Amino acid sequence: MGFAHNNVLHANHFRKDWQRRVRTWFDQPGRKLRRRNARKTKAAALGVRPLTLLRPAVRGQTVRYNRKLREGRGFTLAELKEAGIGRKEARGVGIVVDHRRRNLSEEGKKLNVERLVSYKQKLIVFPRKAGKPKKGDSSTEDLSASISRVTLPLPESYPAEAPRKITDDERSFEAFKTLRTARANARHEGVRKARAAKKEEEEAAKKK
């Protein structure tokens with residue numbers, strides 16, 4: 001609600017000490033350097049472990065984003081079972097497990113199983129004691145192989161096709177008409193079945 005006429009402003013706060021209440025961010029470059037040094041220290045402490053944990057490739061939510069592949073929370077128990085990895089073993093070799101996630105498509109499950117298998121083939125497990133390797137540890141030849149700490153990248157969501165000419169069949173195909181016909185057939189299927197059954201009954205009654 002505004003004021004009318006040339007009257008005095010009530011309870012006017014024009015002498016606030018705003019300079020003391022301003023929040024500055026002059027320590028940002030120092031924080032950046034501190035975070036960078038912390039990352040270096042952490043990477044050195046990890047030794048030869050991968051820098052990040054292995055996560056599954058999942059589709060984004062909603063029609064807007066489901067064309068894209070992104071990293072999910074963790075692999076399902078079904079994916080681990082198919083890849084031949086135990087859930088406790090997975091956590092020990094840098095694979096994240098999500099017991100709540102469910103596989104809703106065979107394609108997505110197959111993609112993540114392949115991801116696990118390729119990770120397992122490239123994985124090198126060092127023994128806790130150099131002279132006493134246990135079951136699951138890598139062989140001596142593998143231990144001497146070159147090591148990379150980079151995790152597996154996400155696969156392409158849709159492999160790109162090479163350009164080609166449109167065929168005559170594709171040119172003559174009417175997509176909209178085909179979809180409308182299929183929808184109409186699905187919608188009227190029950191009515192048509194009932195009508196055909198009624199007609200058969202009437203014909204059978206006439207023959208009697």
Side-chain angles (χ1 to χ4, degrees), residues 28-164 179 182 186:
Q28 192 270 336
R31 282 189 181 185
K32 180 181 178 181
L33 184 64
R34 197 158 64 238
R35 283 197 296 267
R36 182 175 179 148
N37 290 335
R39 284 197 297 272
K40 279 184 181 177
T41 310
K42 185 180 177 183
L46 285 173
V48 291
R49 273 198 287 178
L51 295 172
T52 53
L53 299 171
L54 184 73
R55 294 182 185 274
V58 298
R59 294 274 171 193
Q61 293 294 307
T62 71
V63 177
R64 184 173 182 178
Y65 298 110
N66 66 6
R67 291 167 297 149
K68 295 181 179 179
L69 276 176
R70 63 172 180 83
E71 281 194 341
R73 185 183 179 86
F75 290 92
T76 61
L77 300 177
E79 288 166 354
L80 291 169
K81 188 176 180 182
E82 205 159 312
I85 303 169
R87 67 175 86 177
K88 288 184 179 177
E89 181 197 347
R91 294 181 68 184
V93 293
I95 300 169
V96 189
V97 182
D98 185 9
H99 65 90
R100 293 167 296 187
R101 206 177 118 239
R102 297 285 178 270
N103 292 109
L104 299 179
S105 69
E106 284 296 324
E107 293 85 358
K109 186 180 178 183
K110 185 185 173 187
L111 183 74
N112 284 319
V113 169
E114 287 172 2
R115 191 167 163 78
L116 284 168
V117 169
S118 62
Y119 178 77
K120 197 176 177 184
Q121 285 171 354
K122 294 177 182 179
L123 186 69
I124 298 172
V125 182
F126 287 85
R128 284 179 182 272
K129 292 183 179 179
K132 296 181 179 178
K134 290 186 177 180
K135 185 185 175 185
D137 294 340
S138 299
S139 60
T140 315
E141 297 85 32
D142 293 337
L143 295 177
S144 59
S146 59
I147 297 164
S148 171
R149 299 182 63 188
V150 181
T151 48
L152 288 176
L154 288 172
E156 290 183 10
S157 53
Y158 290 103
E161 290 185 17
R164 59 177 178 80
L179 282 170

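Quick caveat: nothing in here was measured; it's all calculated off a predicted structure.
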| field | Listed partners of V97 passing side-chain contact (heavy atoms from CB on, under 4.5 Å), at least two apart | value | L77, L80, A90, R91

| Results of side-chain hydrogen bond (donor to acceptor under 3.5 Å, both in side chains) for T151 - residues two or more places apart only | T52

| said: Suppose the criterion is salt bridge (charged side-chain N to carboxylate O under 4.0 Å, His left out): which pairs have a residue in residues 101-113, not counting sequence neighbours? | reply: E79-R101, E82-K109

| Over all atoms of both residues, closest heavy-atom pair of V93 and Y119 | O-OH, 2.8 Å

| OG1-CG distance between T41 and N37, expressed to the nearest 0.5 angstrom | 6.5 Å

| task | Would you confirm whether K122, through its side chain, and L152, through its main-chain N or O, come within 3.5 Å as a donor-acceptor pair? | result | no

| request: May I have all residue pairs that pass salt bridge (charged side-chain N to carboxylate O under 4.0 Å, His left out) and include part of residues 57-74, sequence neighbours excluded? | output: none

| request: Provide the full list of salt bridge (charged side-chain N to carboxylate O under 4.0 Å, His left out) pairs with a residue in residues 38-55, sequence neighbours left out, each pair given once. | output: none

| Atom CD of Q28 with >12 non-hydrogen neighbours under 6.0 angstrom | yes

| query | Which residues satisfy the side-chain hydrogen bond (donor to acceptor under 3.5 Å, both in side chains) test with R31, sequence neighbours excluded? | reply | D27

| Which value, rounded to the nearest 0.5 Å, describes the distance between L116 atom CG and L123 atom CG? | 11.0 Å

| Quick one: which of N112, D98, V96 gives a side chain to side chain contact (heavy atoms under 4.5 Å, CB included) with F75? | N112

| query | Under the side-chain contact (heavy atoms from CB on, under 4.5 Å) test, which residues partner L111, sequence neighbours left out? | reply | A57, L69, P155

| What residues form a side-chain contact (heavy atoms from CB on, under 4.5 Å) with L51, not counting sequence neighbours? | A43, R149

| said: For the OH atom on Y158, are there more than 12 heavy atoms of other groups (residues, nucleotides or ligands in this structure) within a distance under 6.0 Å? | reply: yes

